[in-house]
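The block underneath contains the structure these notes are about, expressed in structure tokens.
Residue numbers count from 1 along this sequence. This one's a predicted model, so the numbers in the text were calculated from it and none came from an experiment. Only this structure's heavy atoms are used, side chains among them; waters, hydrogens and symmetry mates stay out.
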Amino acid sequence: MALKIDLHPAGPGSARLLIGGARPSPETVSLALQRNDGRYLGLDRQWQVTPHWHPIFTAEPLSDGLRLTLGADLVDSIVGVGGAPLRVVARLDGVEDAGTLRIRGELIGSGAAAPRSASKDPLEETISVRRPGAESARDAEPESEADDFSLDLEGHADPRPTPRPAARWPWFALAAVLLLAGGGVGAWWLGWFGQTPPSDSDVAQVVEPTPEPPPVLDDVPGSTRSGETTPPPEPDPTLTGIALASRFLADGPAPAAIFERAEQLEQSGDCPAAYALYSEAANADPTFAARLARRYDPLTHRPGTCIAVPDIPYAIVYYSDAAEAGDSEVQRRLGQLMADHEPSGPTHEAGLGWLRKAAAAGDEEARRWLEAQGDG
């Protein structure tokens, strides 16, 4: 039976991988990650055609499964695929089983944890503060008239620097007053204070007409009148991939809107964004989990889409979510895939179980399939 594998973010470059199902604590654990195109994650985050096993050193058995801790190498690689489905093959004490990875939450790469630069603030680097030293202590003392000239014990003048010249600020103040007075006279002459300036009878007064405000045209397209709402801004056309999907999900759309947007992005060729939205809609509503499963199902797969080839393990995972909601048609198709995929063993028996549930719910095709297999 396909493993149920959930990935829970645990901070930048870290995550917890939960493998469902009670099992004893394994001695050795390793994982292989496979993309939808069949390539496996190798060393240095490169994808290759042959499987590569990544050892996991932190495994904690729980009552409902096994929890593994993933580091930055695996987490950054998962973030890098941009929401595309990943198949995880788990090797526990030499026994292999696989399942589709489902991400629960927003996975963050290790780059988000980069420390700030240790350099000082640019303002602190460019602004220097001069602190008075011993040689400038006299400048910090209160000024007095005795600072410029003092007498020693014998009545001789103490040699000091040339006395400071007289302050020039009174002249600047006088000039400012004259400028203000001249400005006030000019403002009065121009009538800025409500006074009518004296006019020369020989000089004709020219009065410029006040321009009338332009009329409001009701028929002008795009005009906004009082009481009307401004249309929402158009989405940024430069966003693609996960950035576009994240921006769309930020507004909290319903699962139906998410799946519809995923189909639009798939038609436009933005497969990373479509993958991310398909997965989000499937996790939110079993109805869309079943619709996504049909895209992987060999019986209903459509070529020429972002899901290039059928994939039975992916179809089983998404059908499982929908079958648990009680859809008998989904239960029947899930049972057929599981029973046909494995001629015997736990997966085959689980498939027969789903077929029996569908037949009990009234699905005639499931009943005939069981009779054909001698399980009536």
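Considering only residues two or more places apart in sequence or on other chains, Gln46 meets the side chain to side chain donor-acceptor pair (under 3.5 Å) condition with none of them. For Asp297, the salt bridge (charged side-chain N to carboxylate O under 4.0 Å, His left out) test picks out Arg333, with sequence neighbours left out. With sequence neighbours excluded, no residue forms a ring pair (Phe, Tyr, Trp, His ring centres under 6.0 Å) with His341.
You'll find the side chain of Gln34 stays beyond 4.5 Å of the side chain of Leu86, heavy atoms only. The side-chain heavy atoms of Leu334 and Glu329, taken from C-beta on, include no pair separated by under 4.5 Å. Contact check for Pro313 versus Asp311: side-chain heavy atoms found under the 4.5 Å cut-off. In this structure, the side chains of Glu27 and Leu92 stay at 4.5 Å or more apart for every pair of heavy atoms. Under the 4.5 Å side-chain criterion, counting only non-hydrogen atoms from C-beta, Asp321 is in contact with Arg102. No side-chain heavy atom of Pro9 sits under 4.5 Å from any side-chain heavy atom of Ile108. Side-chain contact between Pro310 and Tyr296 is absent, with no heavy atoms from C-beta onward closer than 4.5 Å. Considering only heavy atoms from C-beta on, Thr69 stays 4.5 Å or farther from Leu17 through its side chain.
A donor-acceptor contact shorter than 3.5 Å links the side chain of Glu266 to the backbone of Cys306. A distance-only check finds a donor-acceptor pair linking the side chain of Gln331 to the backbone of Ala323 [under 3.5 Å]. Side chain of Thr300 to main chain of Arg294: a donor-acceptor pair is present (N/O by atom type, distance under 3.5 Å, no hydrogens or angles). Panel note: side chain Tyr314, backbone Arg87; a donor-acceptor pair is recorded below 3.5 Å. In terms of modelled atom types and a separation under 3.5 Å, the side chain of Ser279 and the main chain of Ala276 share no donor-acceptor contact. Looking at Asp93, its side chain does come within 3.5 Å of a backbone N or O of Thr28 through a donor-acceptor pair.
Applying the ring-ring contact (aromatic ring centres under 6.0 Å, His included) rule to pairs touching residues 76-97 yields nothing, sequence neighbours excluded. Sorted by first and then second residue, the pairs that involve residues 262-281 and meet ring-ring contact (aromatic ring centres under 6.0 Å, His included), not counting sequence neighbours, are Phe259-Tyr278.
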Verdict with reasoning, Ile5 to Val317, per side chain to side chain contact (heavy atoms under 4.5 Å, CB included): CA-CA 10 Å; Ile5 303 178; Val317 167; over 6 Å; no
Stepwise side chain to side chain contact (heavy atoms under 4.5 Å, CB included) check, Leu370 with Arg356: CA-CA 8 Å; Leu370 288 170; Arg356 295 187 189 105; 4.0 Å; yes
Candidate pair Leu43 and Asp73, rule side chain to side chain contact (heavy atoms under 4.5 Å, CB included), full reasoning: CA-CA 9 Å; Leu43 295 174; Asp73 287 342; over 6 Å; no
Stepwise side chain to side chain contact (heavy atoms under 4.5 Å, CB included) test for Leu31 and Arg91: CA-CA 6 Å; Leu31 301 177; Arg91 178 183 285 176; over 6 Å; no
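The two residues Val89 and Ala98 make their nearest non-hydrogen contact at CG2-CB, 4.0 Å. Shortest non-hydrogen contact noted between Ala281 and Pro255 is CB-O, 3.8 Å. Residues Tyr319 and Ala290 share a closest heavy-atom pair of CE2-O, 4.1 Å. Minimum heavy-atom separation, Asp363 to Ser328: OD2-O, 4.0 Å. Closest approach of Ser320 and Ile316 over heavy atoms only: OG-O, 2.6 Å. Here the shortest heavy-atom pairing between Val330 and Ala322 reads CG1-CB, 3.7 Å.
Linking ILVMFWY residues whenever their side-chain heavy atoms come closer than 4.5 Å, directly or via other members, leaves Phe288 and Leu265 in distinct clusters. Ile56 and Leu41 fall within a single hydrophobic cluster, where Ile, Leu, Val, Met, Phe, Trp and Tyr side chains are chained together by heavy-atom contacts under 4.5 Å. Cluster annotation: Ile307 is not connected to Ile258 through the hydrophobic network of ILVMFWY side chains, with a link wherever side-chain heavy atoms come within less than 4.5 Å. Ile78 and Leu18 end up in different hydrophobic clusters when Ile, Leu, Val, Met, Phe, Trp and Tyr side chains are linked at under 4.5 Å. Criterion: ILVMFWY side-chain heavy atoms under 4.5 Å apart, direct or through other members. Under it, Leu337 and Tyr318 are not part of a common hydrophobic cluster.
Note that Arg332 lies outside the cation-pi zone of Trp354, set by a 6.0 Å cut-off to the ring centre and a 45° limit from the axis.
For the atom pair Glu96 CD and Ser30 OG, the distance stands at 7.5 Å (nearest 0.5 Å). In this structure, CG in Asp76 is found 11.5 Å from CG in Leu70, a value given to the nearest 0.5 Å. With rounding to the nearest 0.5 angstrom, the CZ atom of Arg291 is 9.0 Å from the OG1 atom of Thr287. In this structure, Gln336 CD and Gln373 CD are separated by 9.5 Å, a value rounded to the nearest 0.5 Å. The line from NE2 of His8 to CD1 of Ile103 is 11.0 Å long, rounded to the nearest 0.5 Å. Once rounded to the nearest 0.5 Å, the distance linking CG of Leu107 with CD1 of Ile242 reads 10.0 Å.
A salt bridge links Arg295 with Glu263: the closest approach of a Lys/Arg side-chain nitrogen to an acidic carboxylate oxygen falls below 4.0 angstrom. We find that Asp6 and Arg16 are not joined by a salt bridge, their nearest charged nitrogen and carboxylate oxygen being 4.0 Å or further apart. With respect to Glu364 and Arg367, a salt bridge is recorded, a charged nitrogen being found less than 4.0 Å from a carboxylate O.
The 12-atom threshold is exceeded at CZ of Arg35, counting heavy atoms of other residues, nucleotides or ligands nearer than 6.0 Å.
Asp270 and Ser268 share no side-chain donor-acceptor pair at under 3.5 Å.
In this structure, Tyr40 stands alone, with no Ile, Leu, Val, Met, Phe, Trp or Tyr side-chain heavy atom under 4.5 Å from its own, directly or through other members.
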